[in-house]
Amino acid sequence: MGSDGAQIGIVSTQEALRQAQDQDLDLVEVAPQASPPVARIMDYGKYKYERDIRMKEARKKQARVEVKEIKFRPKIDPHDYATKKGHVERFLRAGARVKVTIMFRGREMAHTELGRRILDRLVKDLEGLAVVEAVPKQDGRNMVMVIAPTKKQVAAARAEQPRPREPRPEPAKPEPVKAEPAASTTEQV
């Protein structure tokens, strides 16, 4: 293919290289598995630059999903539970997913139902604010559950994010005033 996208036809490799050099462009193999292989005459540096710009724009438009983690113990104090629940609420209101982990030690492993009760209680307390994305499951000495904000919470979190400010116009600077020479006051005696 030519630099303008037109089909040139089947040409030897040396002839294609000569045509590319005459136009001060590169010969790039587009489809090596085709028979005969397809090559294109193009400015490869410009192509890479434009591809990188397109990828950067696509990354800007992607929504980054943030996953926060909070850890509980099976014998958690009511006040500590309330504090950690407050953190989870704050994360969900910000639009982040939350990975809730219950850590078991020693003999606590025999009573995993205590950890399950804590997770069930958390889901009940956060009803309307969050939905369970991954049900609680035992992972070694930990029980893990992932909760995500509801669609309404995600929309509210996006609306609250500050928008980039437009640059302010610079204030007009006053023009310098030209000082007139002072009259001399010399006295003659």
Q.
V88: which residues meet the side-chain contact (heavy atoms from CB on, under 4.5 Å) condition with it, sequence neighbours left out?
A. I70, L92, V98, L126, I147
Q) Any sub-3.5 Å donor-acceptor pair from N142's side-chain atoms to V144's backbone N or O? A) no
Q.
I need the minimum non-hydrogen distance between F104 and G115, along with the two atoms involved.
A. CZ-CA, 3.9 Å
Q | Gap separating the NZ atom of K48 from the CG atom of D43, nearest 0.5 angstrom | A | 11.0 Å
Q: Only pairs at least two apart or in different chains count here, so list each salt bridge (Lys or Arg N to Asp or Glu O under 4.0 Å) that has a residue in residues 136-145.
A: none
Q. So, for A96 and K68, which heavy atoms are closest and what is the spacing to 0.1 Å?
A. CB-CG, 4.0 Å
**Q.** Hydrophobic cluster membership, V123 vs I118, 4.5 Å side-chain cutoff
**A.** yes
Q) Are F91 and V132 connected, step by step, through hydrophobic side chains (Ile, Leu, Val, Met, Phe, Trp, Tyr) whose heavy atoms are closer than 4.5 Å? A) yes
Q. Between A39 and L27, which heavy-atom pair has the shortest distance, and what is it?
A. CB-CD1, 3.8 Å
Q | Electrostatic pair R59:E57 at N-O distance under 4.0 angstrom | A | no
Q | Closest approach of I102 to R73 (non-hydrogen atoms, all atoms of both residues) | A | CG2-C, 4.4 Å
Q: Could you tell me the separation between the NZ atom of K75 and the CZ atom of R105, rounded to the nearest 0.5 Å?
A: 9.5 Å
Q) Mind checking whether D26 and Y47 have side chains closer than 4.5 Å, heavy atoms only? A) no
Q: Check for a donor-acceptor pair, side chain of Q19 on one end and backbone N or O of A16 on the other, with a separation under 3.5 Å.
A: no
Q: Kindly check if the number of other-residue, nucleotide or ligand heavy atoms within 6.0 Å of CG (D22) is above 12?
A: yes
Q) Are the side chain of K84 and the backbone N or O of K71 linked by a donor-acceptor pair below 3.5 Å? A) yes
Q) Quick check: does any side chain N or O of Q138 sit under 3.5 Å from a backbone N or O of G140, one acting as donor and the other as acceptor? A) yes
(Q) Is there a path of hydrophobic side-chain contacts, each under 4.5 Å between heavy atoms, that joins V135 and V100? (A) yes
(Q) Is there a side-chain contact between T150 and L129 in this structure, where contact means two heavy atoms from C-beta onward sitting under 4.5 Å apart? (A) no
Q.
As an exercise, state the distance from CD1 of I41 to CD of Q21, rounded to the nearest 0.5 Å.
A. 10.5 Å
**Q.** Inter-residue atom distance L119.CG - T101.OG1, 0.5 Å rounding
**A.** 9.0 Å
Q) Are M143 and V67 in one and the same hydrophobic cluster, where Ile, Leu, Val, Met, Phe, Trp and Tyr link if side-chain heavy atoms are under 4.5 Å apart? A) no
**Q.** Non-hydrogen side-chain atoms of Y44 and L25 separated by less than 4.5 Å
**A.** no
Q: Scan residues 119-134 for pairs that pass salt bridge (Lys or Arg N to Asp or Glu O under 4.0 Å), counting only residues two or more places apart or in two chains.
A: R97-E133, R116-D120
Q. Any idea which heavy atoms bring H111 and R107 closest together, and the distance?
A. CD2-O, 3.9 Å
